[in-house]
Chemist: 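Could you have a look at this structure, given as structure tokens, before my questions?
Remember, it's a predicted structure, so these values are computed and weren't measured experimentally.
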Amino acid sequence: MINFTVTESGLEDQLLALVVKKERPDLAAQKEALIQEQNGFKIKLKELESGLLYKLANAKGDILEDIALIESLEFSKKLSTEINEKVEIAKVTDENINVASEFYRPAASRGALVFFMMNDLYKIHSFYRFSLDSFVIVVKRAIDIVAAADRAKKKAAAGGDAPAEGENAEGEGAEPAEEEKAEEAAPEEGAAEEEAIEEMTPKTLAKRVEDLTESITYQSFNYTRRGTFEQHKLTLSTMLTFKILARNGKLAQAEIDHLVKKEIALEPPHQQESLKFIPEAFWGAVKGLESIKVFEHLINNMESEPHLFKKWYQDEKPEMCDLPKSIKDIGLFHRILLLRAVRPDRLSNALTDYVTEEMGLKYTEQSPFDIVATAEEMNPQTPVFFVLFPGVDPTPEVELIGKMVGKTLTNEKFINISMGQGQEENAIKALKAAGKEGNWVMFQNVHLMTDWMKDFERQFEIVIEDGAHEDFRCFISSEPPGLPHMEIIPESVLQNALKVANEAPKDLKSNIRRAFSKFDESHFTKAQSHKFPEFKALLFGLCMFHALILGRIKFGAQGWSRKYNFNDGDLRICGDILHNYLTNYDQVPYADLQYLFGEIMYGGHITDDW
């Protein structure tokens, strides 16, 4: 049996060739020409050898008197010598190309590491499946982002010496100008760029590779995080951080394994009375920590400083407060190990702080989902897979971007089918028609049609093989299965799809940002004509209210006696009501707005008001 799965080292070499081709097309072209030339040399030598053997085999009489044969031998010897000389030169050239290419290996190595981490995520949930082809597209986009940003900086530096009078007089508009420069620089390719790359100093090249490595890491991570459930996002960022730090030698794999497995001593020593503030169930884990060098005298330290350890243990935020003197110099990772043993309730907060410290804030704080930005990644061959959650409906998002390109329900260029019994044939017909005519089609609630999804998988492949229209787009929505390991969607569909899990966050800050993202600039422009300061204040209060009631769900029955599907539609409608009331009333009707928002729009969901 042959295993065709790509290895990490093999993928690293493939990504290195890709990075070099994008960053140094001159080297890539030279390498390709060299390979073709060497193949030509081998063919020519083989032809010479075959020709000589044929002439020698068919020679008549004394071969020393065959002038033509001797001249042919001399010519073959001369040509063979020239080819061997060229082969030696080619070997030197090939070595120089490989040396130059090796500078980009850190970026390729990071890409391979991230992909193999992504490839293991299916063990967490069956929806987390990714294909190599999709990952390569993400890597290419990451490289293009760095190249565009670099060209924009060069243009800004070249044009920033003599700014026109009044230009950039205010801070506003500076960022859009930078974005325009990046967009202008993006399509430029060719000799000028190659020349600029060739002239890079070692320091500049090192910075470029560092930027490429970071871009590949973040774009791959963001691509994965977009389709990850809220409860798994911290796990994802933590896995990535640990793998990178372990690869760089900054973390010991044994200590990472200890954190994951939580080693517990089967026969822990007697727990002194002064340390009884630590639950007996945790005492075995404390002893287990002593297998790590940093904590080899942990219990002795606790016994010598019980009051300091008790103060730290009972602190509201032990991940941030001062540690006892005997272990005050340990790093954040070892503090996490200690929390894992005795304060597991604060582990998530500590891991968030650690990832932020090592990787940056963008790896722990996610921007609200932007369907317009995601639309730029869509293409006919890649379906978009929305994961459905209570209170989250992707239909308005799809209708928004569809309207921007003329694909609406009204003109029948956007077909929205809610799947159920009897819709199988209609769905397949709509899929085929959309593929030919360049329409958009959306199949909702496909988790109800698990058997039909196998037929959809094949029909979608046929539509693509037959040459789908460049404007064709396919959207799918499904609830997650009851158990993480259950497979209700075909693997190839999940691997190739753009996965979107736009689940409401659990923390207040992210929920407020997400709520605000539902109101674009047009809402604020509209409010300019009627009580703009009051509109901004009331809108913030509305978003805060929306975020609070969504966040209460995490407290279970203490938050709500039942799980209510408060959704983005409630928020948007309340925003429209706010516009109408501020327009029609001279004074802000606070009591009316409070009643409409609290008792009707949101309160209308409440059935058990106790």
Side-chain angles (χ1 to χ4, degrees), residues 126-131 133-138 141 223 226-227 369-388 392-420 422-480 487-502:
S126 62
F127 276 9
Y128 301 160
R129 294 189 180 274
F130 305 89
S131 70
D133 291 340
S134 299
F135 178 73
V136 168
I137 294 173
V138 175
R141 185 168 65 249
Y223 172 80
R226 184 174 55 199
F369 173 64
D370 185 358
I371 188 66
V372 177
T374 305
E376 297 176 2
E377 303 177 33
M378 299 176 188
N379 58 64
Q381 295 78 26
T382 306
V384 182
F385 182 80
F386 290 99
V387 184
L388 297 176
V392 177
D393 182 11
T395 307
E397 307 278 2
V398 178
E399 289 178 343
L400 173 65
I401 57 173
K403 187 177 180 181
M404 294 168 63
V405 294
K407 308 292 184 182
T408 64
L409 293 170
T410 307
N411 62 20
E412 297 183 350
K413 291 187 176 181
F414 172 48
I415 309 300
N416 187 359
I417 299 177
S418 182
M419 297 306 297
Q423 292 285 4
E424 296 91 338
E425 292 186 10
N426 293 336
I428 295 300
K429 288 180 181 178
L431 176 65
K432 292 179 178 178
K436 291 180 181 178
E437 300 169 9
N439 295 334
W440 288 15
V441 62
M442 184 172 188
F443 303 116
Q444 300 214 51
N445 303 312
V446 297
H447 58 280
L448 303 175
M449 311 289 290
T450 53
D451 292 336
W452 174 81
M453 282 303 295
K454 297 175 183 177
D455 190 24
F456 165 82
E457 177 186 18
R458 179 55 190 152
Q459 293 301 325
F460 184 82
E461 290 176 356
I462 293 173
V463 168
I464 300 304
E465 290 170 0
D466 290 345
H469 193 283
E470 62 179 8
D471 293 334
F472 167 66
R473 298 289 185 273
C474 181
F475 303 87
I476 311 165
S477 70
S478 169
E479 290 183 5
E487 297 184 359
I488 61 173
I489 306 296
E491 184 175 334
S492 66
V493 175
L494 290 171
Q495 285 184 334
N496 297 316
L498 284 175
K499 289 178 280 295
V500 178
N502 188 22

Chemist: Only pairs at least two apart or in different chains count here, so list each ring-ring contact (aromatic ring centres under 6.0 Å, His included) that has a residue in residues 423-443.
Modeler: Trp440-Phe475, Phe443-Trp452, Phe443-Phe456
Chemist: With side-chain contact (heavy atoms from CB on, under 4.5 Å) as the criterion, how do Met453 and Val446 come out once you've worked through the C-alpha distance, each side chain's angles and the decisive distance to 0.1 Å?
Modeler: CA-CA 7 Å; Met453 282 303 295; Val446 297; 3.6 Å; yes
Chemist: Name all residues meeting the side chain to side chain donor-acceptor pair (under 3.5 Å) criterion together with Gln444; count only those two or more places apart in sequence or in a different chain, and write none if there are none.
Modeler: Thr395, Asn416
Chemist: Only counting residues at least two apart or in another chain, list the ones meeting ring pair (Phe, Tyr, Trp, His ring centres under 6.0 Å) with Phe130.
Modeler: none
Chemist: Kindly write out the residues that satisfy salt bridge (charged side-chain N to carboxylate O under 4.0 Å, His left out) with Glu465, not counting sequence neighbours, or none if the list is empty.
Modeler: Arg458
Chemist: Ignoring hydrogens and angles, tell me if any N or O in the side chain of Ser478 forms a donor-acceptor pair with the backbone of Asn445 under 3.5 Å.
Modeler: no
Chemist: Name all residues meeting the side-chain contact (heavy atoms from CB on, under 4.5 Å) criterion together with Gln459; count only those two or more places apart in sequence or in a different chain, and write none if there are none.
Modeler: Ile428, Leu431, Lys432, Asp455, Ile462
Chemist: When rounded to the nearest 0.5 angstrom, what distance separates CG in Asn502 from CD1 in Ile371?
Modeler: 9.0 Å
Chemist: Please identify each residue that fulfils side chain to side chain donor-acceptor pair (under 3.5 Å) with Asp370, with sequence neighbours left out.
Modeler: none
Chemist: Just how far is it from atom CD1 of Ile476 to atom CZ of Phe386, taken to the nearest 0.5 Å?
Modeler: 10.5 Å
Chemist: Find out whether Phe460 and Val493 are in side-chain contact, i.e. whether some heavy atom of one side chain is under 4.5 Å from a heavy atom of the other.
Modeler: no
Chemist: Would you confirm whether Lys499, through its side chain, and Leu494, through its main-chain N or O, come within 3.5 Å as a donor-acceptor pair?
Modeler: yes
Chemist: Would you name the heavy atoms of Asp393 and Pro396 that are closest together and state the gap between them?
Modeler: O-CD, 3.2 Å
Chemist: What pairs of donor and acceptor atoms, side-chain ones from residues 401-412 against any protein atom, are under 3.5 angstrom apart with sequence neighbours left out?
Modeler:
from, atom 1, to, atom 2, distance (Å)
Lys407, NZ, Gly438, O, 2.7
Thr408, OG1, Asn411, N, 3.3
Thr408, OG1, Asn411, OD1, 3.2
Thr408, OG1, Asn411, ND2, 3.3
Asn411, OD1, Thr408, N, 3.2
Asn411, OD1, Lys413, N, 3.0
Asn411, ND2, Gly406, O, 2.9

Chemist: Mind listing the closest non-hydrogen atom pair of Ser134 and Gln495 along with its distance?
Modeler: OG-O, 3.5 Å
Chemist: Atom CD in Glu377, atom OG1 in Thr382: separation rounded to 0.5 Å?
Modeler: 9.5 Å
Chemist: Give me the atom names and distance for the closest heavy-atom approach of Pro394 to Met442.
Modeler: CG-CE, 3.9 Å
Chemist: What's the separation between atom CD1 in Ile488 and atom CG in Leu448, rounded to the nearest 0.5 Å?
Modeler: 9.0 Å
Chemist: Restricting to salt bridge (charged side-chain N to carboxylate O under 4.0 Å, His left out), what partner residues turn up for Glu399, sequence neighbours left out?
Modeler: none
Chemist: Write down the atom of His447, the atom of Glu479, and the distance for their closest heavy-atom approach.
Modeler: ND1-N, 3.1 Å
Chemist: Check whether any side-chain heavy atom of Val384 lies under 4.5 Å from a side-chain heavy atom of Met378, and answer yes or no.
Modeler: yes
Chemist: Only counting residues at least two apart or in another chain, list the ones meeting side chain to side chain donor-acceptor pair (under 3.5 Å) with Thr450.
Modeler: none
Chemist: Going through the checks in order, is the side-chain contact (heavy atoms from CB on, under 4.5 Å) test met by Arg141 and Glu376?
Modeler: CA-CA 11 Å; Arg141 185 168 65 249; Glu376 297 176 2; over 6 Å; no
Chemist: Can you name the salt bridge (charged side-chain N to carboxylate O under 4.0 Å, His left out) partners of Glu491, sequence neighbours left out?
Modeler: Arg129
Chemist: Sequence neighbours left out, what passes side-chain contact (heavy atoms from CB on, under 4.5 Å) with Gln381? Give chain and number order.
Modeler: Asn379, Ile464
Chemist: How would you list, by chain and number, every residue that makes a side chain to side chain donor-acceptor pair (under 3.5 Å) with Thr374, sequence neighbours excluded?
Modeler: none
Chemist: How close do Pro380 and Ala468 get, heavy atom to heavy atom, and via which atoms?
Modeler: CB-CB, 4.4 Å
Chemist: Grab the two heavy atoms, one from Val463 and one from Gly435, that are nearest each other, plus how far apart they are.
Modeler: CG1-CA, 3.8 Å
